[in-house]
Amino acid sequence: MGIYCLTFDRPLGRMDRHRLESMLRRFESIALFRTTWLIESTDPVEFLRSRLSRAFGKQTRFFITRLSEPWCTDGIGPVGKWLSDPNRQW
């Protein structure tokens, strides 16, 4: 299990965003910024890449990496609380 940071290269249109959000609902996830999400998953990063490739299609480039502690935030409101949840599986 881990926390992954996903970022992609352009804001999504309504249909693309719907497809991405449908995929992300299968995981514990939260939007950090318009083009950056945090995902908690027991799956390896290669599995997430495969799912994201299908959700995004060929037109969107993305980067995904596993986060680790320690981490720090400033001014991101609910995301800081999400990350600080004692049930979060690092």
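Considering CD1 of Ile39 and CD1 of Ile30, their distance stands at 12.0 Å, rounded to 0.5 Å. With rounding to the nearest 0.5 Å, the separation of CG in Leu38 from CG in Leu24 is 10.5 Å.
Looking at heavy atoms from C-beta onward, Phe8 lies out of side-chain contact with Leu52 at the 4.5 angstrom threshold.
One hydrophobic cluster, built from ILVMFWY side chains closer than 4.5 Å, cannot hold both Phe33 and Leu20; they sit in different ones. Side-chain heavy atoms closer than 4.5 Å link hydrophobic residues (I, L, V, M, F, W, Y) into clusters, and following such links, possibly through other members, connects Leu67 to Ile76. Residues Tyr4 and Trp37 are members of one and the same hydrophobic cluster, defined by side-chain heavy-atom contacts under 4.5 angstrom among Ile, Leu, Val, Met, Phe, Trp and Tyr.
Ser29 meets the side-chain hydrogen bond (donor to acceptor under 3.5 Å, both in side chains) test with no other residue; sequence neighbours excluded. In this view, Glu40 and Met1, Ile3, Glu28, Trp82, Arg88, Gln89 satisfy the side-chain contact (heavy atoms from CB on, under 4.5 Å) rule, not counting sequence neighbours. Residues that satisfy the ring pair (Phe, Tyr, Trp, His ring centres under 6.0 Å) test with Phe62, not counting sequence neighbours, are Phe56. For the side-chain contact (heavy atoms from CB on, under 4.5 Å) test, residues two or more places apart in sequence or in another chain that qualify with Ser22 are His18, Arg25. Residues satisfying the side-chain contact (heavy atoms from CB on, under 4.5 Å) criterion with Arg54, sequence neighbours excluded, are Ser50, Arg51. By the side-chain hydrogen bond (donor to acceptor under 3.5 Å, both in side chains) test, Thr36 pairs with Thr7, sequence neighbours left out.
Judged as a side-chain hydrogen bond (donor to acceptor under 3.5 Å, both in side chains), the pairs with a partner in residues 61-80 (not counting sequence neighbours) are, in order, Asp9-Arg61.
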